[in-house]
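Worksheet: one structure, shown below.
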Amino acid sequence: MSDEKMPKDTSTPLSNHENEKVIPDNETTSEKESVAPVEIEKVEIEEKVASDTVSEETTPTTADLDEIEIEDEEEVASSEDEEEDETKVEEAQKDYSTLTKKELIAEFETLLNTKKIQDLKHDVEEIRAEFNNQFNEELEHKKEDFLAEGGNIIDFHYTTPLKKKFNSLYFDYKEKRNNYYKSLKKDLQANLDKRWELIEELKSLLGAEENINTTYKHFKEIQEKWHVAGPIPRDKYNTVWNTYHHHVENFYDYLHLNREFRDMDFKHNLDAKLKLITRAEELAQEANVNKAFRELQMLHKMWKEDIGPVAKEYRDEVWDKFSEATKVIHDKRQAYLAEAEKEFENNLEKKKQLIEEIKKTTEETKPSHQGWQNSIKKVQELRDTFFNTGRVPRANNKDIWKFFKDATSSFNYQKNSFYKNQKKEQFTNLEMKRELIKIAEDNKDSEDFETTTQLMKKIQNDWKNIGHVPRKYSDKIWKQFKKACNHYFDRLHAQKNEANKEEVAHYEAKEAMLSKLATFELSGDHKTDIKAIKDNITAWKEIGRVPYNKRNIEQKFNKILDALFKKLDLGKKEAELIKFDNKLNTLVNRDDERKLKNEHFFISKKIEETKDEIRQLENNLGFFRHVDDDNPMVVEVHKNIERHKEQLEVWKAKLSKIKEVRED
């Protein structure tokens, strides 16, 4: 008789042997009915790869037409899968969204070459979803380019060598996967048929007309064949196992007529089970709890599948010892899991916080290239931290992985939308720059250098401010624009070189004038000296512009004037205006419109500030209505008002002069 009570199989038996007796679970005999074996339940420590896949596109694109779809072969489960699943180490999740299309293909090839085809489903689905997302985005960009260049949507078709290679890999994967399940289904059914045949053969022993030695030998042969018969469909396992062991028990009852064979078998089984007990007790001392647990599962499988019953007087004792050793390992593992669960809970909270930070980064990213580059770097750091944080409770694993994928997908969607909109802006920028090229080419041969130079400078500045264009057009339009501008400025420089000869003559004339002024002596007559200085300023101005690299001669002239002004007893206003005339003369000679404009703005601002000061001071006098006019504070306020009014007149005179110069 058998030692164990099988766990109840909830599947519906589908036996090909309608007349076969199937023993109900509650009728199965055991060595010790009241004590069932400690169930080695499946409690996984490590994280499981979540099948958070992106759904396939419902609307096929042109690029998808070259992809051959294969209908999935139905997956089937082997009776050995359950035991394998119990000890299977769960794979760590992998986020394929960081890989390029080329890298995704390389990853796909590696998986096909290194892993079992039946273990690839979740990875392949995520790789395929990510590849299709990237390809469809590229497809949309190519479509926009095609339409922007005047193409008709009916004529648009796009594929790439990478897309074709991916489709080929996916075809190979589906074909291998389907072949695997077809072969597995066929093998499992063949093994099932073989086991039913062995059961029929076992049943026939009870009525065989042969001596007991031959019958017993025949029984051992059936047992050997049973042990190597291979896995069968999981949903048939309990039915077949119960039926087989029912007839084994019947055979042992039959052997009651010959105690020699039965006792010999019982002794052999007892020795084998005592060895399993010894090994189970040794495993209780194993430091690696998971390793001990996995080997214990194998011992239970051997106890149940490979070793028959023992003599009745030993059944309770050996089972109690095996159960006790099992319970020690089971309790140690439960304690280990409980401790690990605390750490997993901490990891869960950390991962939730990281996901929230990814969401926050997505929301707070500034809508600029630099802003998105900064966020990409930050999210990458958060992702790395997420994967390095450690495992979470298995019950939360799928959810936390989904939340993470949703957060990163949202970030990628926002990022891609930004750059997609930027590409639209780039086409607008392209048209604007083409307009500037037209202006440059229309004016490159203009003879109106004064007007055209300002125009050319303006369109060059506009070009810089417009922004990027699609990369495929960038070099071409820049060369066009640069060629037209260079053509104009080469002509301008040639014209200036001709004019430079005249400027050299001006420089020589001004040097001669400086030498003459160095020996100039004031006569002592104020009016005569003022007139002489003004005549020299006028003469200097009339000489004209000097070469740019000789412009420091203006500073030498200003120093001589400053020295002469110091010797004269001029009024403040008159001295400032004469100096200002000379300053204007210098700016005009340099043809420096920018500095003239800045000077104009500065003087206008000083006029407004001086007016404000005068108003404030006059308002302050209101606080001294009942104070005598000779009060020191009142006198000081009046002096300040007069001083500001005098300065205001100077600023106004300067404004008139600079307006006159700029209008000329």
Side-chain angles (χ1 to χ4, degrees), residues 61-64 66 96-106 130-166 362 365-380 408-442 444 456-489:
T61 63
T62 309
D64 288 322
D66 59 348
Y96 292 103
S97 65
T98 59
L99 303 184
T100 64
K101 294 191 292 295
K102 189 173 182 179
E103 290 170 337
L104 288 168
I105 287 175
E130 183 59 35
F131 185 93
N132 284 339
N133 285 343
Q134 292 187 29
F135 179 79
N136 288 338
E137 186 175 340
E138 179 182 348
L139 179 71
E140 288 302 314
H141 291 165
K142 295 297 181 183
K143 187 187 297 182
E144 289 178 359
D145 291 350
F146 179 77
L147 297 176
E149 292 174 357
N152 190 318
I153 187 63
I154 299 176
D155 301 322
F156 178 73
H157 174 77
Y158 180 73
T159 190
T160 65
L162 284 179
K163 175 63 172 170
K164 291 178 179 178
K165 185 171 183 179
F166 183 86
T362 304
T365 298
K366 294 180 180 179
S368 66
H369 173 70
Q370 188 59 48
W372 276 105
Q373 290 303 305
N374 291 338
S375 292
I376 289 170
K377 182 178 179 181
K378 183 175 180 181
V379 168
Q380 182 59 47
T408 54
S409 295
S410 176
F411 174 81
N412 289 332
Y413 176 79
Q414 297 292 338
K415 176 195 68 178
N416 294 339
S417 295
F418 169 79
Y419 283 108
K420 187 175 181 181
N421 290 334
Q422 268 210 332
K423 189 151 190 179
K424 291 180 181 178
E425 293 177 7
Q426 288 177 359
F427 278 104
T428 303
N429 294 341
L430 176 63
E431 294 306 313
M432 295 169 68
K433 287 192 172 183
R434 282 173 172 166
E435 288 295 323
L436 296 182
I437 291 172
K438 187 175 186 307
I439 294 172
E441 291 178 340
D442 289 346
K444 66 181 182 178
M456 286 296 198
K457 288 181 178 179
K458 180 181 182 303
I459 64 174
Q460 284 182 329
N461 190 59
D462 290 346
W463 182 281
K464 293 177 183 178
N465 294 331
I466 285 175
H468 297 290
V469 301
R471 184 175 297 178
K472 64 182 292 185
Y473 303 105
S474 181
D475 287 344
K476 180 181 177 181
I477 63 171
W478 168 243
K479 288 176 181 177
Q480 284 181 269
F481 185 68
K482 183 179 178 182
K483 181 179 178 182
C485 290
N486 285 349
H487 178 83
Y488 172 78
F489 284 107

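Along the sequence shown, the residues carry numbers beginning at 1.
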- request: Test salt bridge (Lys or Arg N to Asp or Glu O under 4.0 Å) on Arg434 and Glu431 and set out the steps.
  value: CA-CA 5 Å; Arg434 282 173 172 166; Glu431 294 306 313; 3.0 Å; yes

- request: Compare all side-chain heavy atoms of Tyr96 with those of Leu104 and state whether any distance is below 4.5 angstrom.
  value: yes

message: To check you understand the geometry: which heavy-atom pair defines the closest contact between Val469 and Ile477, and what is its length?
response: CG2-CD1, 3.8 Å

message: Is there a side-chain contact (heavy atoms from CB on, under 4.5 Å) between Gln480 and Glu441? Walk through the geometry before answering.
response: CA-CA 9 Å; Gln480 284 181 269; Glu441 291 178 340; 4.3 Å; yes

- line: For Leu430 and Pro470 the tightest heavy-atom approach is CB-CD, 4.4 Å

- request: Compute whether any side-chain donor of one residue and acceptor of the other, for Glu138 and Tyr158, lie under 3.5 angstrom apart.
  value: yes

- request: For the pair Phe156 and Phe146, name the ring-plane relationship: parallel under 30°, tilted 30 to 60°, perpendicular over 60°.
  value: tilted

- prompt: What distance do Lys458 atom NZ and Ile439 atom CD1 have between them, rounded to the nearest 0.5 Å?
  reply: 7.5 Å

task: Find the distance between NZ (Lys433) and CG (Asp462) and round it off to the nearest 0.5 Å.
output: 11.0 Å

- request: Nearest 0.5 Å please: distance from the NZ atom of Lys457 over to the CZ atom of Phe489.
  value: 6.5 Å

query: Quick check: are there more than 12 heavy atoms from other residues, nucleotides or ligands sitting under 6.0 Å from NE2 of His487?
result: yes

query: Taking the side chain from Gln134 and the backbone from Leu99, do they hold a donor-acceptor pair closer than 3.5 Å?
result: yes

task: To the nearest 0.5 Å, tell me how far Asn429 CG sits from Asn465 CG.
output: 11.0 Å

Residue pair Ala440 / Met456: nearest heavy atoms and the distance that separates them: O-CE, 3.5 Å

- prompt: Roughly how far, to the nearest 0.5 Å, is NZ of Lys165 from OG1 of Thr160?
  reply: 11.5 Å

- request: Could you please spell out the steps behind the side-chain contact (heavy atoms from CB on, under 4.5 Å) verdict for Asn132 and Lys163?
  value: CA-CA 9 Å; Asn132 284 339; Lys163 175 63 172 170; 3.2 Å; yes

query: Using the ring of each side chain (for Trp, its six-membered ring), is Trp463 parallel, tilted or perpendicular to Trp478, with breaks at 30° and 60°?
result: tilted

- request: Can you establish whether the number of heavy atoms outside Phe427 located under 6.0 Å from its atom CZ is more than 12?
  value: yes

query: Run the side-chain contact (heavy atoms from CB on, under 4.5 Å) check on Ile105 and Phe131 step by step: do they pass?
result: CA-CA 8 Å; Ile105 287 175; Phe131 185 93; 3.9 Å; yes

task: Tell me, with the steps shown, if Glu137 and Asn416 meet side-chain contact (heavy atoms from CB on, under 4.5 Å).
output: CA-CA 9 Å; Glu137 186 175 340; Asn416 294 339; 3.1 Å; yes

query: More than 12 non-hydrogen atoms from neighbouring residues, nucleotides or ligands closer than 6.0 Å to NZ on Lys142, yes or no?
result: no

- line: d(Gln370 CD, Ser375 OG) to nearest 0.5 Å is 10.0 Å

message: Does Lys143 form a salt bridge (Lys or Arg N to Asp or Glu O under 4.0 Å) with Glu140? I'd like the steps, not just the answer.
response: CA-CA 5 Å; Lys143 187 187 297 182; Glu140 288 302 314; 3.5 Å; yes

message: Within the 3.5 Å criterion, strictly below it, is a donor on Lys101 or Asn133 matched to an acceptor on the partner's side chain?
response: no

statement: Residues Lys444 and Ala484: closest non-hydrogen pair is CB-O, 3.7 Å

